[in-house]
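In what follows, a structure is listed as C-alpha cells, so that the remarks can point back to it.
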Amino acid sequence: MTTTQQLHELPAQYDAGQTERGIYERWVEAGIFSADEKRSRRNGGDREPFVIVMPPPNVTSVLHMGHGLNNSVQDVVIRWRRMRGDEALWIPGLDHAGIATQNIIEKQLAAEGKSRDDLGREAFVVRTTEFVERTGGEILQQLRSIGASCDWNRTAYTLSPTLSRAVREAFVQLHERGLIYRGHRVIHWCPRCLTSLSDEEAQHGEEQGQLYHIAYRLADSRGDETLAVATTRPETMLGDVALAVHPDDSRYRHLLGKSAILPISNIRIPIIADEYVDPAFGTGVVKITPAHDANDFEVGTRHKLPTPVIMTPEGTMANGADAEVRVPPDLAGLDRFEARRRIVELLKRSGQLVRAEPHQHGVRHCYRCDTVVEPRLSDQWFVRMEPLAKPALKAVRDGTIRILPERWEAVYVDWLENIRDWNISRQLWWGHRVPVWYCDSCGKQIVSRTDVSACDSCGGPVRQDEDVLDTWFSSWLFPISTLGWPDKSGAALVAFYPTDDLITAPEILFFWVSRMIMAGYAFMDAAPFHTVYLHGTVRDTDHVKMSKSLGNGIDPLDVVNNYGADALRYTVIAGMGMGADLILDHRDLERSFAPGRNFATKLWNIGRFLLTNVGSAPVRSVHELTDKDLSLPDRWILGRLNSTIRECDLALGPARPGKGKWRAEERYSGLRLSEYAEAARRLVWNDIADWYLETTKGRIAPAAGGVDSEVARAVLTHAFDTALRLLHPIMPFITETLWQRLPTPIAAERAEFLAIAEWPVAHPASTEEERATAQFDIVREAVTALRQVRSDYAIPPGKSIDAIIRARENESLFQAHDQLIGRLARASIRVGGKAPAAGAAHVLLADGSEVIIPLGGVVDLTKECGRLRTELEQLEIQLHSLSKRLRNEGFTGRAPASVVEAERRKEEDWLKRREHLTDKVKALCGG
RNA sequence: GGGCGAGUAGCUCAGUUGGUUAGAGCGCCUGCCUUACACGCAGGAUGUCGGGGGUUCGAGUCCCUCCUCGCUCACCA
C-alpha cells in the first residue's frame with residue numbers, strides 16, 4: 001500500500017459518518033464482542049470474567065440522550081476491561097415495560113376510536129407484540145450506531161420464553177417459601193391506567209389544596225350539636241364508616257360510643273377511639289374511610305368496621321356492593337374531582353361546611369401517566385420483602401457491594417430498613433400472566449410453573465388469574481435470567497455470575513437495583529454485582545430533565561449523524577463528573593457537541609500528519625532504542641505517556657474488589673470518567689499535538705534522514721499508538737480507523753483490532769524521566785516567552801525575531817525581550833545562536849542537541865550553562881561571606897537589629913536563589 | 001417535615017488528605033489560512049471561590065450559621 005493510497009483513505013476533511021460506517025460490522029463479524037464461557041476462569045479458562053448487564057431500555061420508544069449517556073458509560077467500562085484482557089461480556093436487553101407499553105397501544109387505539117376491550121385480550125397482545133418488535137429492533141440498531149460493544153447473541157427480552165420461564169420459577173419459588181401472598185388491602189390505584197401500582201410507582205407530589213372542616217351532626221342529640229372533621233378529600237366522606245378521636249383527647253371522651261350522622265348520605269356512623277389520631281392536627285377528629293385510605297383501612301380493621309366502596313375503578317362516584325346507599329343519585333357517575341366540588345357546595349348550602357383553608361399536602365401520581373392516584377381497596381399479590389431485604393442490606397454494609405457515588409448508600413440502606421411489601425399484580429394485559437389458576441368447582445388455588453388445564457384435585461375446569469405481574473418482577477431477575485437461570489449449573493451462569501458493574505440512573509435504585517440485589521441473594525445466594533454506579537441525569541440548560549414530552553430532548557441519532565458517535569460519547573464521558581448531572585443545550589447542539597467533534601478532527605489530523613511524514617513503512621520499535629538515541633523531546637513524551645497511562649488507570653480502576661469485599665481505601669475510587677477523558681485529551685492535544693509533534697517536524701523531514709529521523713518516526717508512532725489505545729474506550733470508531741493504518745513496528749505483536757489490542761502498561765517513573773520532564777518544561781517556558789514577545793510586538797510570522805533584535809530596529813522590543821528572557825533565567829539564556837529558520841524557535845541544549853519548534857524566536861542554552869555556573873559560583877562566594885558574618889557575634893552584637901534582620905532575610909533569599917540555580921543547572925546542563 | 005447534594009471566570013464544570021501565583025472546555029479580545037488541522041495556531045483578559053462568623057502560620061478545602069436552588073423520602077386526615 002503506497003502513501004498516496006493511504007492518504008486517499010484519509011481525506012483532508014474528517015467525516016465522522018463515513019469514518020464510522022462499516023467499522024461496527026467488522027467488529028461484529030470478527031466476533032470480538034462475543035464472550036466465551038470456556039474462557040472464563042470460573043469455567044476453567046484463563047481469563048478473568050468481567051460482566052455488565054445492560055439496564056434494558058423500555059420498548060416504548062426509541063432511545064433518548066439518557067440512554068446515550070447510560071450506554072456510553074457502560075461501553076467505556078466494558079471496552080476498557082476487554083483491552084485489559086478480561087473475558088468481557090456486556091449483555092444487551094429490552095424491557096417489555098408493562099404499563100408504559102400498554103398505554104401507548106391504548107393511545108393508538110383511542111386515535112382509531114377503539115378501546116382495548118374492542119380488540120379483546122388476545123388481539124391486543126398480538127398488536128402490542130408487533131409494535132414491540134418494531135421499536136425493539138430500532139433500539140438495538142441505535143445501540144449499534146453509538147458503538148455499544150454488546151454480545152448480541154445474548155440479547156435478552158423480558159417477555160421472551162426463556163425469561164418468562166425464569167419469572168414463573170421465581171414466582172413459584174417465592175410462593176413455596178411463603179414469601180408471596182394474596183392481600184386484601186388499600187393499594188395505589190391509577191384510575192386512568194386502571195391498575196394497581198406499587199408504592200414506588202405512586203410518586204410523591206406537593207399540591208396546594210384546601211383543608212375542609214365539615215360539621216357532622218351528632219345522632220340522638222337534642223338541638224344541633226356537631227363534630228367538626230377536617231379533610232382534604234371530601235368526596236371520600238361518602239365512604240365514611242366512623243369518626244375517630246384520640247383515646248386520651250379529653251375534648252371528645254364523652255362522645256365515645258355515640259354516633260354521628262354522615263352528611264349527604266345520612267347514615268349513622270360510630271365515634272371511636274384510636275391511637276392513630278393526632279389530637280393536634282385539624283380538629284382532632286378523623287373521618288374513617290377504610291376502602292379509600294390505607295390508614296383508615298388499618299383503623300377499620302382494628303375496629304372491625306365495614307369497607308364500603310363509593311368509587312368505580314375509573315374514579316367516578318358509585319355505590320359499591322355495599323347494601324347501604326351512600327352515593328345519592330345526583331352525585332353518582334360524577335368524576336371524583338367534580339364530585340368534590342359538588343359535595344363542598346352541598347355542604348355549604350346545608351351549613352355544614354365550617355370553613356375551608358388553603359392547605360399544602362402530598363398527592364401521589366401515577367409514574368406513567370401522572371394521573372392522581374386513588375387509594376383503593378382490592379385484592380392483589382404481594383411479595384413479603386423483609387426477609388429478602390436482610391441480605392441485601394448486609395451486602396452494602398459489609399462492602400460486598402459498593403454504590404457510587406457514596407451518598408446513595410445511605411439512601412439505599414434507609415429504603416431497605418423501612419421496606420414494605422411489594423404489590424406485584426397489575427390489572428393489565430401486557431405482561432407475564434400471574435401463574436395462578438383457580439378451580440371454580442372446588443375453589444382450589446393452583447400455583448404452577450407450567451400451564452394448568454384442569455384442577456389437580458377435582459379435575460374441574462380452571463381459569464388463570466387475569467392479572468399480569470409488575471414489569472419490575474421480570475427485570476429484577478435480569479442478572480440471573482439473562483444467564484440462563486433457573487438452570488443453575490448452566491455454563492453461562494457458572495462462567496459469568498456474579499456480574500461486575502451495574503451502571504444506571506439513580507431513579508431506578510429502588511425499582512430495579514435494590515430488587516436485583518434481593519433477587520440475587522434469594523435465587524443464587526450471591527450478590528449480582530459488586531459495584532453500582534449511579535450516573536447523573538441529562539438535563540437542559542434550565543436544568544430540566546430532558547424528555548420527549550417536554551420537547552427539550554436531544555435525539556442521539558441526530559448527534560451521531562451530525563457530529564459522530566465518537567463526539568457524542570466524548571461529550572457525555574468528559575462531562576461525567578461523579579454523580580453529577582449532564583447539562584446539554586437542546587437548542588444548540590453545536591455548543592454541546594462541537595468540542596467532541598473537534599477533538600476527533602484533531603486526532604484525524606495527527607493521523608494525517610503521521611501518515612504523510614512517517615509514511616507507511618513500519619517504524620523501528622521504541623524498545624530497540626537506547627537512551628543515547630533519544631533526544632530530549634523523545635524522552636519527555638515517553639515520560640508523559642507513562643504518567644498519562646498511570647492517570648487513566650487511577651481514574652478508572654480498580655475494576656473489582658481485591659478480596660471479595662471492598663476495602664475502605666479502595667471502596668470509593670475508580671470510575672472517575674471525566675478525569676480519565678481529560679487525562680487522555682491532554683496527552684493527545686497539549687502534549688503530542690502541541691509540542692512533541694512540532695519537535696519532530698524538523699527531524700523527520702525528507703531532508704533530515706539518518707538515525708534521528710528514524711527515532712523520531714518510531715517515537716511519534718509509538719506515542720500516537722499509545723494515545724489511541726487510551727482513547728479507544730471513549731472514541732472507538734476514529735481510534736480504530738487510525739490505529740489500523742499506523743506504521744507500527746513489523747516485529748510488534750499486533751492484534752487484528754484496536755478493540756482487542758492491549759491496554760498500555762505503565763512502568764514506575766524513573767528519575768531519568770523526571771529530569772527529562774523538568775528540562776523540557778524549561779524549553780517550553782523559553783519558547784512561550786519568545787512567542788509572547790512576538791505576539792506583544794506583533795512580529796509577523798515570516799520575520800525572525802532574532803534579526804530584529806540584532807538590527808536594534810525596535811529598542812523597546814529589545815528591552816521587553818531581554819526582560820522576558822531574563823525572567824526565565826536572569827542572564828543565563830541569551831538570544832542568538834545559529835541563523836534560525838524564519839518563525840521557528842531553536843533551543844540549543846547543553847549537550848549540543850537542539851529542539852526546534854515552529855513559531856518562536858531563538859534561545860541558545862548551549863553557552864548559558866557557563867554563565868549559570870558562573871552566577872552560581874559567585875553566589876556561593878557571597879553567600880559564604882554573608883553566612884560567616886551572621887555567625888560572627890561581633891557583627892550581630894554591634895550592628896543595629898534592623899540591619900541584622902535585613903541580612904538574615906538576604907541570606908534566606910540567597911539560599912533560595914542558590915537552590916533555584918542549582919536546579920536549573922542540573923536540568924539544563926545535565927548535572 | 002426528615003435526609004442528602006449543589007452554589008468556584010459570561011456558560012458547563014474540575015479542584016484528592018487544608019500549603020507556592022485557584023484550573024479546563026466553550027464563549028470573549030488580539031494577531032495569524034506557519035506545507036496535520038481555521039472543527040485550527042499563537043497570545044491575552046476575566047474569579048469578594050453564595051453571605052457572615054470561627055479554627056489555623058496558612059481555608060475554595062475544616063467547624064458554626066444564614067441565604068438560594070435541586071434531589072429524595074414521609075400515613076398527619
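Sequence lines set the chain letters: A, B, ... in the order given, protein chains first and strands last, and positions in each chain run from 1.
- Contact between the side-chain N/O atoms of Arg420(A) and the OP1/OP2 oxygens of A74(B) is found at a separation under 4.0 Å.
- Listed pair His204(A) / A74(B) meets the phosphate criterion, a side-chain N or O lying under 4.0 Å from OP1 or OP2.
- Listed nucleotides: A36(B), A42(B), A77(B). Nearest to the side chain of Asp690(A): A42(B).
- The gap from the P atom of G43(B) to that of C26(B) amounts to 14 Å, rounded to the nearest Å.
- Nucleotides C29(B) and A45(B), compared at atom P, are 16 Å apart to the nearest Å.
- Comparing A77(B), C39(B), G25(B) by their closest approach to the side chain of His359(A) singles out A77(B).
- Base pairing analysis places G47(B) opposite nothing; no Watson-Crick or G-U wobble pair with both distances below 3.5 Å involves it.
- Distances from the side chain of Arg608(A) to the nucleotides C37(B), C39(B), A74(B) place C37(B) closest.
- Among the heavy atoms of the strands lying under 4.0 Å from Ala230(A) is at least one base atom, whether or not backbone atoms are also near.
- In terms of phosphate contacts, Arg407(A) brings no side-chain nitrogen or oxygen within less than 4.0 Å of OP1 or OP2 of C71(B).
- Taking the side chain of Asp414(A) as heavy atoms from C-beta on, and the options C73(B), G40(B), A77(B), the nearest nucleotide is C73(B).
- Nucleotides G51(B) and U8(B) are separated by 10 Å at their P atoms, to the nearest Å.
- One P atom belongs to A14(B), the other to G50(B), and the distance between them is 13 Å to the nearest Å.
- Of the listed nucleotides (A77(B), A24(B), U72(B)), A24(B) has the atom at the smallest distance from the side chain of Arg681(A).
- Counting heavy atoms from C-beta outward, Phe720(A) and Leu603(A) have side chains that approach closer than 4.5 Å.
- Closest to the Asn613(A) side chain, of the nucleotides C4(B), A36(B), C39(B), is A36(B).
- Ranked by how close their nearest RNA chain B nucleotide is to the 5' end, Asn598(A) and Ala410(A) are led by Ala410(A).
- One atom, CZ of Arg364(A), and another, P of C73(B), lie 9 Å apart when rounded to the nearest Å.
- Put simply, Lys697(A) has a side-chain N or O that comes within less than 4.0 Å of OP1 or OP2 on A36(B).
- Counting heavy atoms from C-beta outward, Met731(A) and Phe599(A) have side chains that approach closer than 4.5 Å.
- Across all strands, Tyr276(A) comes closer than 4.0 Å to base atoms (heavy-atom distances).
- A77(B) sits 27 Å from C66(B) when the P atoms are compared, rounded to a whole Å.
- Contact annotation for His361(A): backbone-only contact, meaning every heavy-atom pair under 4.0 Å involves sugar-phosphate atoms and none involves a base.
- To the nearest whole angstrom, the two P atoms, one in U12(B) and one in G2(B), are 30 Å apart.
- Pairs passing the salt bridge (Lys or Arg N to Asp or Glu O under 4.0 Å) check and including a residue from residues 571-586 of chain A, sequence neighbours excluded, read Arg539(A)-Asp581(A), Asp585(A)-Arg587(A), Asp585(A)-Arg591(A).
- The side chain of Lys602(A) contributes an N or O atom lying less than 4.0 Å from OP1 or OP2 of C41(B).
- For the side chain to side chain contact (heavy atoms under 4.5 Å, CB included) test with Val715(A), the passing option among Ile637(A), Thr695(A), Val619(A) is Ile637(A); the others fail.
- As rounded to whole Å, 18 Å separates atom P of A77(B) from atom NE2 of His292(A).
- For Asn605(A), counting side-chain heavy atoms from C-beta on, the closest listed nucleotide (C41(B), C37(B), A77(B)) is C37(B).
- Nucleotide C69(B) is matched to G5(B) when pairs are restricted to Watson-Crick or G-U wobble geometry with both distances under 3.5 angstrom.
- Side-chain contact between Val344(A) and Gln210(A) is absent, with no heavy-atom pair separated by less than 4.5 Å.
- If you check every strand for non-hydrogen atoms under 4.0 Å, Gln13(A) touches a base.
- Projected onto RNA chain B by closest heavy-atom contact, Val277(A) and Asn686(A) fall at different nucleotides, the more 5' of which corresponds to Asn686(A).
- Separation of atoms CG (Leu683(A)) and CG (Leu727(A)) is listed at 8.0 Å; rounding is to 0.5 Å.
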Please tabulate, one pair per line, each protein N/O and nucleotide N/O from nucleotides 7-14 of chain B that are separated by under 3.5 Å, including the distance.
| residue | atom | partner | partner atom | Å |
| --- | --- | --- | --- | --- |
| C11(B) | O2' | Arg591(A) | NH2 | 2.2 |

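- Using a 4.0 Å cut-off between charged side-chain N and carboxylate O, Glu374(A) and Arg233(A) make a salt bridge.
- Figure legend. C75(B) is base-paired to no nucleotide; pairs are counted as Watson-Crick or G-U wobble with both atom distances under 3.5 Å.
- Proximity note for Asn295(A) (side chain, C-beta onward) versus A77(B), A36(B), C75(B): the nearest is C75(B).
- The nucleotide U55(B) finds no pairing partner, because no Watson-Crick or G-U wobble arrangement with both distances shorter than 3.5 Å includes it.
- At a threshold of 4.5 Å between non-hydrogen side-chain atoms, the residues Ile288(A) and Asp240(A) do not count as touching.
- Across the protein-nucleic acid pair, His535(A) atom NE2 and C71(B) atom P stand 16 Å apart, rounded to whole Å.
- Comparing C73(B), G40(B), C71(B) by their nearest atom to the side chain of Phe510(A) picks out C73(B).
- Below 30°, between 30° and 60°, or above 60°: for Phe510(A) and Trp415(A) the angle between ring planes is below 30°, a parallel geometry.
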- prompt: Step by step, would you call Tyr570(A) with Phe593(A) a ring pair (Phe, Tyr, Trp, His ring centres under 6.0 Å)?
  reply: CA-CA 9 Å; Tyr570(A) 176 80; Phe593(A) 297 101; over 10 Å; no
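- Taking atom P in both G47(B) and G60(B), one finds a spacing of 16 Å when rounded to whole Å.
- Distance, Glu694(A) CD to A42(B) C1': 11 Å, rounded to whole Å.
- One finds no salt bridge joining Arg364(A) and Glu201(A) here, because no Lys/Arg side-chain nitrogen approaches an Asp/Glu carboxylate oxygen to under 4.0 Å.
- The side chain of Trp685(A) approaches C41(B) more closely than any other nucleotide in the set A77(B), A36(B), C41(B).
- Nucleic acid contact for Leu693(A): base, since at least one base atom lies under 4.0 Å from a heavy atom of the residue.
- G40(B) is paired with C32(B) under the criterion used here, namely a Watson-Crick or G-U wobble arrangement in which both key atom distances are under 3.5 Å.
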